[in-house]
Amino acid sequence: MSARSSMHPVFMNIAVSMLAAFITGLLISGVKPVLLWTDALIYLLVIAISAFIIYASKKEHFLVPWRQVVQHKLGMVSLVFLLVYVFIGLIDSVHFRMPVSSQNTTEQVTETIYDGDVLSILDVVLTKIRTQDEKTYSAPFATHLFSKETIEHDDGSLTREYPRLKYAGSHLQDPENDLAGDIRSKSISGGIDGIIFWLVLSLIVILFVAHDRKENFFLTLKSFFVGSASRGGVPWALILFTVGFLCVLVGAMTELAPAYHVFGTDKVGQDVFYQTLKSIRTGLVIGTLTTLIMLPFAVLLGIMAGFLQGWVDDVIQYLYTTLSSIPGVLLIAAAVLMMQVYVANNPDLFETDSERADIRLFFLCVILGVTSWTGLCRMLRGEAMKLREVDYVQASQALGVSTFTIIWRHIQPNVMHIVLIAVVLDFSGLVLAEAVLSYVGVGVDPSMHSWGNLINGARLEMAREPLVWWSLLAAFIFMFVLVLSANLFSDAVRDAFDPRIRKQ
Amino acid sequence: MSDVLLEVKNLKTWFDTQAGKTTVVDDISFSIRKGETFALLGESGCGKSMTALSLMQLLPSQASHNISGEVIIDGQDLLTLPEAAMRNVRGNRIAMIFQEPMTSLNPVLTAGYQIEEVLQRHKDLKGAAAKARVVELLEAVGIPDPKQRMNEYPHQLSGGMKQRIMIAIALAGEPDLLIADEPTTALDVTIQAQVLDLLKDLQKKTGMAVLMITHDLAVVSEMVDHVAVMYAGQIVEVADRDRFFSNPQHPYSQKLFEALPTMSKRDEALATIPGTVPSLDQTFTQCRFASRCQYAWDDCRDQVPSLKMHEQEHSVRCLLYEEGAPKRKLHSEIPVLQKRTLQNDSNEILLNVENLKIHFPIHKGLLKRVAGYVYAVDDVSISVNKGRTLALVGESGCGKTTLGKGILQLIKPTSGNVKFRETELTTLNRKALRARRKDFQIIFQDPFSSMNPRMMVGDIIEEGMIAQNIGDNAADREKIVSDLLAQVGLSPEHRNRYPHEFSGGQRQRICVARALAVNPQLIVCDEPTSALDVSVQAQILNLLKELQHEFGLTYLFITHNISVVAYLADEVAVMYLGRIVEKGLVEDVLENPQHPYTQALLSAVPVIDKATKQEVLKLEGDPPSPINPPQGCYFHPRCSQVMEKCKTQYPETTRISDTHTINCFLQTQT
């Protein structure tokens with residue numbers, strides 16, 4: 001047990017020191033950190049979740065269902081996928097501005113001028129695909145543009161043909177014949193890199209588990225494959241295979257993506273793969289921050305209405321019945337348009353385009369949060385009403401415990417499972433809502449990468465012949481994987497937490 | 001024997017769990033003759049319901065294939081039958097009624113339709129013929145107005161009525177064997193008497209056999225011909241009724257008798273069985289009862305006893321009756337006497353309730369106008385002296401729990417006074433009341449819902465102390481908590497555990513400790529033992545009595561269990577429909593009941609000793625609704641001695657003796 005508890009600090013220390021090293025590295029290189037509104041909230045969320053984990057790790061009644069979640073096979077596989085998304089989202093949430101190389105040193109005060117583009121760590125990692133813009137549409141793994149252009153040859157003759165792409169496949173002498181072979185060899189070498197990385201990672205994991213169980217290395221390895229699933233343990237083998245699959249995929253991508261446009265390019269020649277990766281953060285922000293904004297309303301008002309009854313209940317009920325009678329899309333559209341006007345009228349408040357786009361995303365989260373708390377609030381009101389008649393609450397009243405303490409100590413912990421289930425179930429719905437809203441035009445800023453914008457952009461090309469299908473497909477694949485794994489994971493969480501489903 | 005209807009041989013049922021194989025029914029054999037009533041008697045978790053479900057092959061899916069043995073009815077082994085054939089047996093040859101009539105009927109179908117379904121399935125009756133048979137059946141189970149009732153939905157019927165419908169459904173297939181799984185446990189005594197009577201009657205008429213599953217010795221005594229006592233998945237004793245009740249042989253059976261509270265045991269502690277039932281996921285190499293048995297010796301711990309017949313018609317699974325067992329006195333000594341001193345007979349009135357009324361408004365319509373009231377507690381006056389126990393007796397829905405909560409100001413009374421010592425509680429403001437709360441506490445019926453499952457036991461007990469500023473600091477409080485846990489018979493290490501790790505009896509002890517933590521003078525005990533088994537009930541009653549002795553506590557004991565009243569209470573108040581109808585010393589009321597309702601209630605209580613059994617004064621119908629109480633005396637529509645006067649005015653309180661009062665015109669006349 002002591003080994004288990006000592007494990008978390010080790011991990012956390014490593015994470016913290018890595019983060020610190022990175023930030024100092026950034027500062028030394030002379031960049032200007034930028035804290036966007038949504039970044040701040042994401043950090044807050046990360047801190048809140050860590051605090052909750054530390055709090056919950058001491059509470060037996062929280063650990064029991066979580067242990068069940070950890071043993072859920074499908075749940076753990078989807079958790080691996082979710083964590084990859086979260087990782088990408090997080091490194092895309094550390095923003096800064098690069099110094100422009102030409103510094104204005106003529107004046108006495110050396111004032112560094114920063115680039116207008118706000119970049120994130122993800123942008124830096126993906127510099128190559130971010131900057132390799134083609135002229136216009138190109139299909140996935142294409143070496144030539146999608147449409148014919150008139151090209152002037154050296155001899156002055158004009159021909160209409162598909163021109164070679166500026167970056168993708170530019171290293172190939174004879175794209176017709178070499179393309180397939182090059183893709184294959186790059187995938188294989190990337191895949192092998194991935195496998196090597198995976199083997200190292202697995203070794204570390206097995207060593208950690210072995211240390212934790214105070215077991216021999218081989219014994220642990222054996223237990224992963226033999227009977228671990230049937231004995232109801234953590235499905236380590238399955239988790240490692242999923243990680244392995246992802247490692248191979250990522251390895252292949254790191255070789256392929258800089259050389260080709262894996263998901264093609266869009267109208268202005270931007271790499272679609274880069275856009276979908278950037279969209280991850282937008283989706284996650286919508287899915288999580290909205291919940292963060294909605295939770296205080298739902299929990300506080302719901303419990304108050306259910307427990308205090310009387311006029312408090314009446315007021316809160318009227319509030320949420322009114323709110324839920326207003327069509328949500330209209331409210332969102334109105335609020336977003338108002339926001340747009342405000343941003344347009346106050347251009348000096350925002351230094352960069354990114355900040356402008358970000359404030360709109362933030363505002364979208366707020367308005368989605370404000371309109372979506374009623375469902376959970378209603379559920380919590382009912383539960384609180386039920387709980388206030390429960391014997392242990394009555395016993396506390398008989399002991400003279402104050403109302404606030406009763407709510408905090410008896411009601412709140414006993415409705416938390418509902419909150420948790422609602423949060424994970426809402427997540428995927430919100431990610432999809434973003435896509436729909438952006439499609440309608442009241443979603444995130446058009447300059448911000450999001451799946452909704454990708455789909456919206458692709459919409460216009462659906463009527464084209466030949467069809468431009470890759471933007472839509474890329475957005476669909478990434479969104480599908482996220483939503484599916486979020487749904488599967490939330491099923492696992494619900495199975496573990498819902499007392500009606502929970503088996504003894 | 002040709003008259004054997006059902007023969008069960010070596011029945012075994014087990015669950016495959018993560019911990020291994022849990023054998024819930026272990027090698028059970030018994031036989032039921034045609035027309036007889038056979039009882040499986042045992043405490044909760046002993047496997048009696050599982051036995052019944054195994055016979056019907058209605059086991060939960062995890063165990064549905066884990067049955068071995070034989071269940072022979074008419075030479076046919078049911079366990080070899082495929083599911084399709086089994087469906088013809090269920091309802092047709094063997095029918096079953098369950099404990100909870102509220103959930104056994106489908107709420108969206110009419111009562112008549114649910115009976116018709118069985119007729120159609122097993123008797124091929126349809127249309128008018130089926131309808132006619134439904135009416136017949138409803139008449140047979142004593143439902144008035146069957147033509148109208150058959151079109152009613154379950155929510156329109158009372159609990160007793162629903163159980164009658166269940167019986168009618170069971171009878172529809174004209175079964176040879178009726179399995180009744182705790183058929184009256186959820187019902188009130190007077191309704192229980194009606195239902196038991198009905199079962200006996202029907203059995204006489206139809207000649208079916210009944211397998212009765214129950215934990216209630218008294219019901220067994222009244223109903224059955226043969227008894228099998230179950231313990232930890234096995235039958236430990238089988239005998240016919242008379243032999244069993246005159247001479248129970250297994251130490252466990254003996255303990256069950258000794259643990260029953262009665263009037264004559266008032267001055268003694270009740271016998272309890274130490275320890276808990278062993279978990280069934282192990283392979284036993286010893287007698288399952290050995291660790292809890294006062295007679296156990298070395299042999300009991302090395303060998304597994306088998307069920308053997310030592311006397312005619314009386315088998316027992318115990319080494320004591322084997323050849324070569326050490327000679328022992330086979331009836332235990334009456335446990336250590338704890339003579340109660342009479343010091344608690346003080347004259348100080350601790351609690352005085354005058355004309356207390358608690359009416360709940362019923363809101364109707366869009367504007368939530370008050371359309372009427374539920375007269376839950378209607379003009380009740382009681383008083384309790386310090387150090388004494390007042391029992392509040394009544395059937396469910398009579399308002400006794402509401403009265404208890406009203407006294408504690410957990411429900412705001414509509415009018416009337418509650419005086420605790422010199423303080424009037426109804427007019428105290430919130431803050432003053434909160435501070436006063438340490439003087440009066442409550443213990444609830446259900447030990448599973450009375451503790452927050454998310455808190456540790458120590459925190460649960462400490463909660464009231466923090467709220468009432470008892471104990472100077474955390475260390476001080478921790479010490480008090482440890483002392484309290486020791487006092488209620490738990491160990492101080494239990495402080496860091498969660499409620500779900502404890503059994504029902506242990507949980508109830510923790511609730512007692514929580515109440516004691518604030519040093520109360522009055523404790524309202526709201527049916528604290530009705531969810532517990534007899535042997536555990538005995539432990540809690542002993543504990544309550546000890547604590548009263550030690551701290552001079554005053555109890556307001558709310559219960560429907562007359563034998564607990566006889567054992568524990570000094571005074572009794574009988575409640576009917578929100579009003580007290582009779583009140584007096586326990587001897588006055590129990591031995592010389594004057595109110596017709598009290599008389600009927602007491603006569604309905606099943607007793608073990610047939611000799612002392614009075615004839616049941618049948619109460620017809622169900623208690624009226626407190627929303628719309630009858631004119632005049634509330635009891636008059638069901639009273640056998642009703643007079644003209646009763647129909648128009650409510651009788652005043654009449655004093656019969658110094659200690660005994662009743663509200664009835666019968667007494668004012670003489």
**OP:** Tell me, with the steps shown, if B:Arg514 and B:Glu463 meet salt bridge (charged side-chain N to carboxylate O under 4.0 Å, His left out).
**Re:** CA-CA 8 Å; B:Arg514 169 173 65 186; B:Glu463 184 174 31; 5.6 Å; no

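Between the side chains of B:Tyr498 and B:Asp459, no donor N or O sits under 3.5 Å from an acceptor N or O.
Using cut-offs of 30° and 60° on the angle between ring planes, the pair A:Tyr55 and A:Phe52 is tilted.
Of the candidates B:Arg436, B:Arg437, B:Gln441, B:Asp439 forms a side-chain hydrogen bond (donor to acceptor under 3.5 Å, both in side chains) with just one, namely B:Arg436.
Interface remark: B:Asp446 contributes backbone and side-chain atoms alike to the contact with chain A (heavy atom separation under 4.5 Å). A:Thr405 does not touch chain B: none of its heavy atoms, backbone or side chain, sits under 4.5 Å away.
Among residues 292-316 of chain A, no residue has any heavy atom closer than 4.5 Å to a heavy atom of chain B.
Contact annotation: the side chain of B:Thr559 never approaches that of B:Leu392 to less than 4.5 Å [non-hydrogen atoms, C-beta and beyond]. Two residues are said to be in side-chain contact when any heavy atoms from C-beta on lie closer than 4.5 Å; B:Arg430 and A:Thr403 meet this criterion.
Applying the salt bridge (Lys or Arg N to Asp or Glu O under 4.0 Å) definition to pairs two or more places apart or across chains, none involves residues 315-326 of chain A.
Of the listed residues (B:Gln409, B:Lys405, B:Lys438), the one with the most heavy-atom contacts under 4.5 Å to chain A is B:Lys405.
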